[in-house]
Participant: 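Here it is: the structure, laid out below.
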Amino acid sequence: MTNLKEVVKAEEETFDIEPGMDILKVNKKLALKNRELLRKHKVKAIDVMGSIGAGKTSLIEKLVQALKKKYRIAVFKGDLTTTIDAERIGCHGVEVVAINTGRECHLDANLVARAVEKIRLEDIDLLFIENVGNLICPAEFPLGTEKRVVVVSVTEGPYMVVKHPFSFMDADVAVINKKDLAKVMKVDTKKLEMEVKEIKPDVKVVVTNALKGEGVEELVDALGL
Ligand code: MG
Ligand code: ZN
């Protein structure tokens, strides 16, 4: 049984964009509104970004398991059309809203606002938002979360960090996942960590093996939870 609650579909939502409007500006405004609303209800929200297969869902599953006694948790799960991940997370007994973006390769503040309407903010303390699997444009669309986490996996090769500087500039925590495969992939996690710090010196870096739950405690610390 899964706790998947509702599916928000992008095709049914509009931004009310007029020609000539700056979509990033509109998004920023809506993100601030989201943040205000979440703060008012003392909900701490965390945006989890990263490519397909980096391990975002697995990490969220482990975080939910580690934290569900301490916090009342909800999860929003962004994906183009599927609800596979949303159902996976829902199996852990937390409320999940799936957000299907259709063709859009990122979540935006408008879709998050629609998803917020599906839950009772009074009933939760912590909200994880798993962004669409893509390391490029989610960085440009703040959602109104308190923190942003970027997940990369060593299986993405040695240049993952230097090729995506923008994703790390706005991040509070960077996760280097699948550390157990670093050797076979010939990837040095220490070097990746240094590259992240070069882009943003105050970002916290955590090295994990999400499937085994290794590094999850450190991640909880890094998120201040
Ligand atoms: Mg996923
Ligand atoms: Zn996109």
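Only a predicted model underlies this, so the values are computations on that prediction, with no experimental measurement involved. One-based numbering, in listed order, for ligands and for the atoms of each.
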Participant: About how many Å separate CZ of Arg72 and CG of Leu121, when rounded to the nearest 0.5 Å?
Facilitator: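 Output value for this atom pair is 10.5 Å.
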Participant: Just by distance, with hydrogens left out, do Asp47 and Asn131 show a side-chain donor and acceptor under 3.5 Å apart?
Facilitator: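 Yes.
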Participant: Give the C-alpha distance, both sets of side-chain angles, the deciding distance and a yes or no for salt bridge (Lys or Arg N to Asp or Glu O under 4.0 Å) between Lys77 and Glu130.
Facilitator: CA-CA 5 Å; Lys77 173 59 192 106; Glu130 184 181 338; 3.3 Å; yes
Participant: Tell me, please, which residues at least two apart from His106 pass ring pair (Phe, Tyr, Trp, His ring centres under 6.0 Å).
Facilitator: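 Partners of His106 by the ring pair (Phe, Tyr, Trp, His ring centres under 6.0 Å) criterion, ordered by chain and then number, come out as Phe141.
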Participant: With rounding to the nearest 0.5 Å, note down the distance linking CD1 in Ile199 to OG in Ser167.
Facilitator: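 Reported value, rounded in 0.5 Å steps: 9.0 Å.
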Participant: Atom CE in Met185, atom CD in Glu156: separation rounded to 0.5 Å?
Facilitator: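 It comes to 9.5 Å.
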Participant: In chain order, what residues pass the side chain to side chain donor-acceptor pair (under 3.5 Å) check against Lys29, with sequence neighbours excluded?
Facilitator: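 Here no residue qualifies.
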Participant: Hey, which protein N/O/S atoms does the Zn ion (ligand 2) have under 2.8 Å?
Facilitator: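 Sorted hits: Cys105 SG, His106 ND1, Cys137 SG.
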Participant: Can you find a side-chain donor-acceptor pair between Asn177 and Thr208 that sits under 3.5 Å?
Facilitator: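 Indeed, the side chains of Asn177 and Thr208 share at least one donor-acceptor pair under 3.5 Å.
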Participant: Relative to the Mg ion (ligand 1), how many protein N, O or S atoms have a separation of less than 2.8 Å?
Facilitator: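 My tally for this metal is 3.
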Participant: Within a radius of less than 6.0 Å around NZ of Lys28, do more than 12 heavy atoms belonging to other residues, nucleotides or ligands occur?
Facilitator: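 At most 12 heavy atoms, drawn from other residues, nucleotides or ligands, come within 6.0 Å of this atom.
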